[in-house]
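Reviewing the structure listed below.
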Protein chains: 2
Amino acid sequence: MNRVIGRLSAPPTLADVAELAGVSRQTVSNAVNNPDLLREDTLARVQAAIEQLGYQPNRAARSLRTRSSRLIGLRIAPAQEGNANALMDRFVHALVDTSREAGYHILLFTGDAEDPVAGYDDLLRSTAVDAFIVTDTFMGNPAAAWLRSRRAPFVAFGRPWDDEHDSVHPWVEIDSAAGAAMATGHLIERGHTRIAWIGWRKDSVLGEERRSGWTRTMREHGLATTGLASRVEDTIASGRAATVALLDEASPTAFVCASDTLAMGVLHELYARGLRPGEDIAVTGFDDSQVAQTVPPGLTSVRQPLEDAAVAVVKALEGLLGNPPYLADGVMLQPRLVVRGSS
Amino acid sequence: MNRVIGRLSAPPTLADVAELAGVSRQTVSNAVNNPDLLREDTLARVQAAIEQLGYQPNRAARSLRTRSSRLIGLRIAPAQEGNANALMDRFVHALVDTSREAGYHILLFTGDAEDPVAGYDDLLRSTAVDAFIVTDTFMGNPAAAWLRSRRAPFVAFGRPWDDEHDSVHPWVEIDSAAGAAMATGHLIERGHTRIAWIGWRKDSVLGEERRSGWTRTMREHGLATTGLASRVEDTIASGRAATVALLDEASPTAFVCASDTLAMGVLHELYARGLRPGEDIAVTGFDDSQVAQTVPPGLTSVRQPLEDAAVAVVKALEGLLGNPPYLADGVMLQPRLVVRGSS
DNA sequence: CCTAGGCTCTGGATCGATCCAAGGATCGAT
DNA sequence: ATCGATCCTTGGATCGATCCAGAGCCTAGG
C-alpha cells in the first residue's frame with residue numbers, strides 16, 4: 001500500500017506577500033519589524049496580504065541574517081528518581097511560558113556526564129541558541145565559568161558560586177536562609193523549642209545557607225542548637241538515619257529539613273515508629289514538591305517562587321540580548337512557607 | 001562603570017575552513033556530510049582544518065538551505081499541582097537524551113489555553129521545527145487532527161484517539177490494561193479477593209482501558225466486581241471520597257487505582273482512619289511517580305517504560321523525516337509493576 | 001521657481017551552507 | 001597518443017530574510 005506521507009507544503013515567503021500587496025520585499029519586512037516606518041494605508045495593505053497568505057517569517061532565514069535564533073538553551077540534568085525533588089519541572093514550565101511572551105523558545109539539551117561543557121559548546125559553535133540559562137550553579141558548576149570565558153551570554157539561576165564578587169553575569173536566586181528561618185519560626189510559634197535540623201553535607205554552599213536560617217532563628221529566640229543538627233546526603237535513607245540518631249539522642253519535637261527528600265526520610269521513621277507527623281512530631285521540608293503536597297497529612301514546606309524566578313531570568317536575558325546589551329543586577333527572591341498537616 | 005558584556009566572537013565558517021585547508025567550500029561541506037566522496041588525504045587535511053578552527057556548521061544557514069531545522073517541537077501542558085503525576089518529566093528527559101543521539105533537539109512550547117493549536121501553527125508556519133511529538137492524545141487532542149490536516153509530520157505518544165483505524169501517523173503506546181491487570185493479579189496472589197477499582201470518569205478512553213485490565217483479571221479468577229468500582233475525577237479529594245464510599249459499602253481489602261493521585265486519596269483516608277497501607281489494606285497506583293517512590297511505606301505502582309517509549313518515538317520520527325519517508329508501525333509497550341510496602 | 005529635508009519605498013548585496021552542473025585529474029584500454 | 005570513464009573538486013546559484021544606500025515624492029522655506 002503506497003500512501004503519501006504528510007509533508008508541509010511550502011509556506012509563503014516575504015516575496016509572495018510583497019507581490020500580493022504590490023510592494024517590495026523590504027516594505028513587507030518593515031511592516032513586520034518596524035510598522036511605524038510605513039504609511040498607514042500601505043501598512044494596512046501589507047497586513048491584509050500577510051493575513052491572507054498566513055505569512056510567518058522563516059526562522060532560519062531571519063536567524064541567518066540577524067545572527068540570532070531567539071532560542072534559549074537549557075541543560076537538563078539526568079532525572080533523579082527516588083527523591084522528592086521535582087523543582088525543575090515547575091521551573092521549566094514557568095520558563096517556557098515567560099519566554100514565549102518575550103519571543104523566545106526554550107531548547108533542551110543534555111551533555112555527557114563526563115564533559116559537562118560539551119552540550120554548551122556544540123550549541124554555541126553552531127550558533128543554535130542566543131543564550132543559556134544555567135541552573136545548578138550552587139554546586140560549583142564548571143559550565144558557568146566556561147561560558148564566561150567564552151563570553152557567551154547566560155543567566156544563572158543561583159548566585160555566583162565562586163569568590164568573585166564582581167559578577168559578570170546576571171543571576172536570580174531564592175533566599176534559602178529566609179526559607180529555613182520561616183520554617184523554624186513557624187515551629188517556634190507553634191510552641192516547639194527543641195527543633196532539629198537535617199541538612200546537606202558541609203560542602204554544599206546552598207545547604208549551609210539554609211542551615212544558617214535555622215541557626216539564626218533558633219539563636220534569636222534563645223534556643224539551643226547543640227546536638228540538634230545533622231548533615232547528610234540528600235536521600236530518604238540518610239534522612240531517616242539522621243532522624244533515628246536525633247530522636248534517640250536529642251529528643252527533638254520538631255524537624256526542619258533542607259529538602260522534601262530529607263523530610264520524607266523523617267516521615268518514614270515516624271511511620272515506622274507509629275508516630276503521627278503534626279501531632280506527635282512536627283516536620284517541615286523544602287521545595288513544596290508534589291510529594292509534599294500529596295503525602296498524608298500534607299508536608300509543610302518552603303515553596304520557592306519559581307514563576308517569579310522565571311520572570312526575572314527572562315528579564316535578565318532580554319537585557320543581555322538587547323541592543324545595547326544591559327547587564328541586569330542580581331535578583332534575590334523570597335520564598336514562602338506552605339503550612340500543611342505535618343506541623 | 002563601563003563593562004564589556006559577553007558577546008560571541010564570530011565562529012569560523014565553511015569558507016574559513018576551506019581556505020585553511022586549501023580546498024573549496026563544497027569540498028569542506030562534503031567532508032562534513034559525505035566524507036566518502038573525498039580522497040583520503042584531502043579528507044584528512046580538511047578534518048584537520050575543521051579541528052584546528054573548531055568549526056561547526058551554522059545551523060541557521062544549513063537549516064535555510066536544507067529546509068530542515070533538526071528540531072522537534074514538544075508542547076508541554078500547564079504544570080498541574082496537588083496531584084502526583086510527574087510522568088512528563090521523566091519522558092522529557094528520556095526524549096532529550098534519545099533525540100540527541102539521533103541529531104535532534106527538543107524545542108518546548110506552550111499554547112493558549114483557548115486555542116490548543118496556536119503554538120503548533122506558529123512553529124509550523126515559521127518552519128521552526130521539523131516535526132512534533134504529541135503527548136496527550138487520549139483526551140481527544142484536537143492538535144493531532146489538526147496536524148494531520150496540515151500534513152505536518154508528528155508522532156503520537158498514545159494511540160490514535162478517534163475511530164479512524166487507518167491511522168496515518170506513527171504512535172507509541174503503553175499497554176495500560178496490562179498494567180492494571182498486573183496490579184490486580186499481584187493483589188490476588190497476595191490473597192485478596194475483594195479488590196476495588198478507583199478510576200477515571202467514563203469519558204476517558206485511557207481510564208476505561210485501565211479499568212478493563214482490572215475487570216478482566218477479576219473475572220479470570222472468578223472474583224466479583226459488582227459494587228467494587230468507582231469512577232471519579234483525578235484528584236486526591238475524589239479518590240478519598242471514593243475510598244470512603246467503597247470502604248463503607250463494599251468493604252474491600254485492596255484498591256487498584258488508575259493513577260498515583262487517586263491512590264494517594266486512598267492513603268489519605270487510611271491515614272485518617274488509622275489504618276496501615278499494606279498491612280490492613282493494600283493499595284496500588286499507576287505511573288510510579290516520585291510520590292509513589294517516597295511516601296511511607298512506599299506505594300506499589302505500575303511503571304511505564306518511558307525510556308523505551310522515547311526510543312520508539314524518536315525511531316518513528318527518524319522514519320517520518322527520512323528520505324524516503326517511512327511511516328513506522330504503531331508500537332505497544334508493556335509496563336511493569338513496582339511492588340512496595342503498600343501491598 | 002528652486003532646493004533642502006523628511007518621509008516612503010526600492011533593488012542589490014549579504015548572512016553561511018548546500019545544490020547543481022560542469023571542470024580537471026587520473027587511469028586503463030585501444 | 002588518444003579517448004572515455006571514473007573520481008574528485010570547483011564556482012555560481014540558491015534558500016528567505018534583513019542591511020544598506022539611494023531614489024522618488026512631497027512640503028516648507030528662500
Side-chain angles (χ1 to χ4, degrees), chain A residues 8-47 49-50 53-71 103 123-128 130 323, chain B residues 8-47 49-50 53-71 103 123-128 130 323:
Chain A
L8 312 176
S9 56
T13 72
L14 207 143
D16 297 331
V17 178
E19 195 181 7
L20 180 61
V23 295
S24 71
R25 305 186 322 270
Q26 182 60 43
T27 301
V28 180
S29 174
N30 285 336
V32 173
N33 301 309
N34 301 85
D36 43 328
L37 286 182
L38 301 204
R39 216 171 43 208
E40 208 172 306
D41 58 334
T42 315
L43 179 59
R45 210 166 70 247
V46 174
Q47 282 175 336
I50 288 177
L53 294 178
Y55 169 76
Q56 288 251 124
N58 179 305
R59 282 181 88 100
R62 171 179 272 183
S63 170
L64 175 60
R65 195 63 180 93
T66 64
R67 303 171 159 284
S68 100
S69 61
R70 303 204 73 85
L71 295 181
L123 291 173
L124 204 52
R125 280 216 289 250
S126 61
T127 62
D130 291 348
N323 193 6
Chain B
L8 312 177
S9 56
T13 72
L14 208 143
D16 297 331
V17 177
E19 195 181 5
L20 179 59
V23 295
S24 71
R25 304 185 323 270
Q26 182 60 41
T27 301
V28 178
S29 176
N30 285 337
V32 174
N33 300 309
N34 300 86
D36 43 327
L37 286 182
L38 301 205
R39 213 171 45 206
E40 207 171 307
D41 58 334
T42 314
L43 179 59
R45 209 164 72 246
V46 174
Q47 282 175 335
I50 289 177
L53 294 177
Y55 168 77
Q56 288 250 129
N58 179 306
R59 281 181 89 99
R62 172 180 272 181
S63 169
L64 174 60
R65 195 62 179 95
T66 64
R67 303 173 160 281
S68 101
S69 62
R70 304 204 72 85
L71 295 181
L123 291 174
L124 204 51
R125 278 216 289 250
S126 60
T127 60
D130 291 347
N323 193 8

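The structure displayed is predicted, hence computed values, not measured ones. Letters A, B, ... mirror the listed sequences (proteins, then strands); counts begin at 1.
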Distance, rounded to the nearest Å, where [X] contributes [atom1] and [N] contributes [atom2]:
X: L43(B); N: dC7(D); atom1: CG; atom2: P; value: 17 Å
X: D36(B); N: dT6(D); atom1: CG; atom2: C1'; value: 15 Å
X: N34(B); N: dT9(D); atom1: CG; atom2: P; value: 13 Å
X: L37(B); N: dA25(C); atom1: CG; atom2: P; value: 20 Å
X: Q56(B); N: dA17(C); atom1: CD; atom2: P; value: 11 Å
X: N58(A); N: dC15(C); atom1: CG; atom2: P; value: 18 Å
X: R65(B); N: dG16(D); atom1: CZ; atom2: P; value: 9 Å
X: E19(B); N: dT10(D); atom1: CD; atom2: P; value: 13 Å

Exercise. Only one of V32(A), L37(A), L38(A) clears side-chain contact (heavy atoms from CB on, under 4.5 Å) with N34(A); which?
Worked result: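 Option passing the side-chain contact (heavy atoms from CB on, under 4.5 Å) with N34(A): L37(A).
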For this session: Kindly indicate whether the side chain of R39(A) and the base of dT8(C) share any N or O donor-acceptor pair separated by less than 3.5 Å?
Result: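 Side chain to base: no pair present.
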Exercise. Considering only heavy atoms and no angle criterion, is a donor-acceptor pair shorter than 3.5 Å present between the side chain of R25(B) and the base of dT10(D)?
Worked result: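 Flag unset: no donor-acceptor pair detected.
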Look at all strands and tell whether [X] reaches a base, only sugar-phosphate, or nothing, counting heavy atoms closer than 4.0 Å.
X: R67(A); answer: sugar-phosphate
X: T27(B); answer: base
X: V23(A); answer: sugar-phosphate
X: T42(A); answer: sugar-phosphate
X: T66(A); answer: sugar-phosphate

Problem set entry | Assigned partner base of dT30(C), Watson-Crick or wobble definition, under 3.5 Å | dA1(D)
Problem set entry | Opposite nucleotide pairing with dG12(D), Watson-Crick or G-U, both atom distances under 3.5 Å | dC19(C)
For this session: Return yes when atom CD of Q56(A) has more than 12 non-hydrogen atoms of other residues, nucleotides or ligands closer than 6.0 Å, and no otherwise.
Result: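 Yes, the 6.0 Å shell around CD holds more than 12 heavy atoms from other groups.
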Given [options], which nucleotide is nearest the side-chain atoms of [X]?
X: L64(A); options: dA17(C), dG16(C), dA17(D); value: dG16(C)
X: S24(B); options: dA17(D), dG16(C), dG11(D); value: dG11(D)
X: R62(A); options: dT18(D), dC15(C), dT8(C); value: dT18(D)

Problem set entry | Earlier contact from the 5' end, DNA chain C, for Q26(B) and A60(B) |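 First, find each residue's nearest nucleotide; the 5'-ward one identifies A60(B).
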Exercise. Does R25(A) reach the main-chain N or O of A15(A) with its side chain, forming a donor-acceptor pair under 3.5 Å?
Worked result: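 No; zero donor-acceptor contacts below 3.5 Å.
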For this session: For the pair R59(B) (side chain) and A128(A) (backbone), establish whether a donor and an acceptor sit closer than 3.5 Å, ignoring hydrogens and angles.
Result: no
Problem set entry | Distance below 4.0 Å between S29(A) side-chain N/O and dT18(D) OP1 or OP2 |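 So the side chain of S29(A) is within the cut-off, an N or O lying under 4.0 Å from OP1 or OP2 of dT18(D).
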Problem set entry | dT9(D) OP1/OP2 closer than 4.0 Å to side-chain N/O of N30(B) | no
Problem set entry | Validation row: S29(A), L14(A) side chains within 4.5 angstrom (heavy atoms) | yes
Problem set entry | Student check: side-chain heavy atoms of V46(B) and I50(B) closer than 4.5 Å |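 A side-chain contact under 4.5 Å exists here.
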